[in-house]
Every structure is written in C-alpha cells, then in structure tokens.
Amino acid sequence: MSRLYAIGEVLIDFIPLQKGCALKDVTAFERAPGGAPANVAAAVAKYGAPSSLLTKLGSDAFGDFLLEELQNAGVDTQHVLRTSEANTGLAFVSLKENGERDFSFYRNPSADLLLSETEIDGNLFEAGDILHFGSVDLVDSPMKQAHRKAIHAVKAAGGLVSFDPNVRLPLWSDAESCRRAILEFLPKAHLIKISDEELEFITGISDIETAISSLFRGDVQAVVYTRGSEGAELYTKNGRYTAPGFKVQAQDTTGAGDAFVGGFLFHLLKREAAPDRLTDILDNYHEEILHFANASGALTTTNKGAISALPDTAAIEALMKSQQLTS
Ligand code: ATP
C-alpha cells in the first residue's frame, strides 16, 4: 500500500485536569502527544496504512516520550531526528465547558522547526505516496525550507500533496504573516482541508461558495470543508458532496480535524490515489470516504487528547452502522 509522510510539528499537549477553567488557574495537567501532522500520521497508522513522520525532537525527556508514543501508535519514526539545539515543543491547552479549547505554545524555536532541507531525502517518495503538512511549521525556519523540498520531491515521484492550514494565530508574529504563508503553500497542494472558522480568514471572502471556489488555484483538485458537529463537505471540480456529522457526546475537540484528515487520507492511500486519479476517486467514493472521516473525527471528540483519543476501525464501523452508514 502507498505510504503517508506527514511533515511538521510534533509536541506534547498539556491538558488541564479541570474543565472550564482559565489557563492561569489550572493546577494540574495531563500530558498527551500531539501536533497536527503527528496526529494525522497516528490516525493513518491506526487505520492500517504505512505512515511515517518527518520531524525533529529535542534530546530531552519529552522527546523520548514522544518517540515512544509515536512508535506505540504504529508510526514509522526512522525519519524523526533528534537535536540538542532546541527543546521539544510544548502546548498548554485550556478546555472550555463546551469542549472547545485555547492554546499556549512553548517553542522559541522548538526542535521540529530545526529540521532542514538537507535532512530531507529527495529519493524517499514513490508514486501514490501522500505528503501531508499544516501551517504551524511554515513560520520562517529551516523547517519551512524542508517543506518546500519535500513537496517538490513527492510531486516529482508522482505522489499527492495534502494541506490542512490549521490556523493557530498565537504562533505567528501577526495574522498577515500567517495568511501569507498559507497562501504561498496552498497552490502547491492537490487536496486542501479547511474548517469553517478558517475559510474567511484565509480567503477574505464571506460567501462560502465563492470562498471555496477561490481555493481552486495551482494544483488544487479538491477542497474538504469541515463543519465541526455538522460534518463535512467535499468539493471537486465536478461537484459538491455533503456528509452529515455523527451525534456524539463531545468531551474535548482536540485532534478532531486531524482524525478526520487521517481517516480521509487512509482511504486515498488504500486506493493509491495518485494526482491523475484523485478527482475520479473522490467523485466515485465520496460517500464512504466522508462518512469514515466524519466518524473518525466524531469519536476523537469523545475522549481527551488527540492521539490518545483516536478510535480504532471497529469503533468507527460500529458508529457508522448505528447511524445506518457502512464503509
Ligand atoms: P480541530 O478542532 O482539530 O482543529 P477542525 O477545526 O480542523 O478541528 P472541525 O470541523 O472542528 O475541524 O472537525 C473535523 C471533523 O470532526 C468534523 O468534520 C466532524 O466530522 C468531526 N467533529 C468535530 N467536532 C464534532 C462534534 N462535536 N460532534 C461530531 N463530530 C465532530
């Protein structure tokens, strides 16, 4: 089967033991492995496709912990490098009563931002592989250059590029730098995943249909628009496909978007969706792909954390069956 390569951030999310508390008042936290690309890599591995992470960890105890957790999640870590030049990234997350959250990040810089282009093997990728990335490691850093090289290399090999902008404004000096970086990398991707909260920020357009149309630029063939508990919509140049969300008791929405992407990309890997087949595959199999991805995202909200909250395939199938949807 084709392989997922996720590139970018891996960190520890410190989740408060108390819910509905301002971050400054939290007295105790629980650690959970996280970072969007790491979460996506873990989801793909959990669902049964080969999955590797391209990143760097500090030579510290937190780095040791993350390496072990990634390996326990089934992620191939042979391309996870270590450095003593920076610490492993940390994020403190405050959970509001409704399960939504705010972040406080510690990375000045974190080790992942130090992965350089010379550390990316240009011959790593094969046709049908998928490279997935987000925006938080596109701040000016060696890692930004590493992204450029990996994107170029996977495309040269006939692979697919997937981008989840995953806007986290506290990580940027200002909103405009974040938007500029996203708009630079967006046309390089074949598949874009965007949430309802991000669409207007990135495009500057309030009408949803017009905003989504404006994302079809460069190599973009498909846009997945996720809408939290409402589910998701998939746009290709041939159509728009809607899939309702699953009803679950949300506890913590951390990682729901990544679990959704992991479920979505797992189906593309299973079908060896090279760029010249992507639109056809999405037009033909949108229903089962979206339902699986929605169920993956929904179940992840029912537990704390991101990687630690990922469901297994049996739980996803049971949820789809219980709401009359099968894969
Ligand atoms: P994240 O919170 O990880 O940043 P996101 O903002 O990228 O997520 P969302 O649209 O919030 O993306 O969620 C992604 C998917 O997860 C949704 O399309 C849906 O399938 C599922 N999901 C998220 N929240 C819920 C919920 N409360 N109930 C059911 N499903 C949910």
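Quick caveat, the model's predicted, so the values are computed rather than measured. Each ligand, and each atom within it, is numbered from 1 in the order the structure gives. Residue numbers run from 1 in the order of the sequence given. These numbers come from the heavy atoms of this one structure, side chains and all, not from hydrogens, waters or symmetry mates.
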Pair T236-N238, side-chain hydrogen bond (donor to acceptor under 3.5 Å, both in side chains): steps then yes or no: CA-CA 5 Å; T236 69; N238 302 320; 4.5 Å; no

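In the vicinity of F246, heavy-atom distances shorter than 4.0 Å reach the ligand 1 atoms 28 (N), 29 (C). Those atoms of ligand 1 with a heavy atom of T253 less than 4.0 angstrom away are 2 (O), 3 (O). Within ligand 1, the atoms closer than 4.0 Å to a non-hydrogen atom of G255 are 3 (O), numbered from 1 in the order shown. Less than 4.0 angstrom separates some heavy atom of G297 from each of these atoms of ligand 1: 16 (O), 21 (C). When each atom of ligand 1 is checked for a heavy atom of R168 under 4.0 Å away, the hits are 4 (O). Remark: ligand 1 atoms within the under-4.0 Å shell around heavy atoms of S195 are 6 (O). Distances below 4.0 Å separate heavy atoms of K193 from the following atoms of ligand 1: 5 (P), 7 (O), 12 (O). Heavy-atom contacts of G257 reach the following atoms of ligand 1: 1 (P), 3 (O), 5 (P), 7 (O), 8 (O), 12 (O), 14 (C) (cutoff under 4.0 Å).
Of the polar atoms of T226, at least one N or O is found under 3.5 Å from an N or O of ligand 1, judged by distance alone. Considering backbone and side-chain N/O of G228, one or more are found under 3.5 Å from N/O of ligand 1. Checked by distance only, ligand 1 and V248 stay at 3.5 Å or farther apart across all their nitrogen or oxygen atoms. Backbone and side-chain nitrogen or oxygen atoms of T254 are examined, and none is located within less than 3.5 angstrom of a nitrogen or oxygen of ligand 1. For ligand 1, the polar-atom distance check against N294 finds a nitrogen or oxygen pair separated by under 3.5 Å. Distances between N or O atoms of A250 and those of ligand 1 include no value under 3.5 Å. Among the atoms of A256, some N or O lies under 3.5 angstrom from an N or O of ligand 1.
With hydrogens and angles ignored, the 3.5 Å screen pairs a side-chain donor or acceptor of R277 with a backbone N or O of R271. Under the 3.5 Å distance criterion, the side-chain polar atoms of D13 are left unmatched by any main-chain donor or acceptor of I15. A side-chain donor-acceptor contact under 3.5 Å links D252 to the backbone of G305. Distance alone, capped at 3.5 Å, places no donor-acceptor pair between the K193 side chain and the V261 backbone.
Note on ligand 1: E233 sits outside its first shell, no heavy atom being nearer than 4.0 Å. For the ligand labelled ligand 1, residue G245 lies outside the 4.0 Å heavy-atom shell. Using a 4.0 Å heavy-atom cutoff, K247 is absent from the residues neighbouring ligand 1.
With distances taken over non-hydrogen atoms, the option nearest atom 30 (N) of ligand 1 out of A298, S296, P165 is A298.
Between F185 and F163, a ring centre-to-centre spacing not shorter than 6.0 Å is recorded. Taking the six-membered ring where the residue is Trp, the centroids of H267 and F292 are separated by under 6.0 Å.
Looking at heavy atoms from C-beta onward, L265 lies in side-chain contact with L268 at the 4.5 angstrom threshold.
Note on residues 211-221: pairs passing salt bridge (Lys or Arg N to Asp or Glu O under 4.0 Å), not counting sequence neighbours, are K155-D219.
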Determine all donor-acceptor pairs shorter than 3.5 Å in which one atom belongs to a side chain in residues 122-130; sequence neighbours excluded.
from : atom 1 : to   : atom 2 : distance (Å)
D129 : OD1    : R3   : N      : 2.9
D129 : OD2    : E126 : N      : 2.7

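Judged by the 6.0 Å and 45° rule, R168 forms no cation-pi pair with F105.
The aromatic rings of F14 and F29 lie perpendicular to each other, with more than 60° between the two planes, well past the 30° mark.
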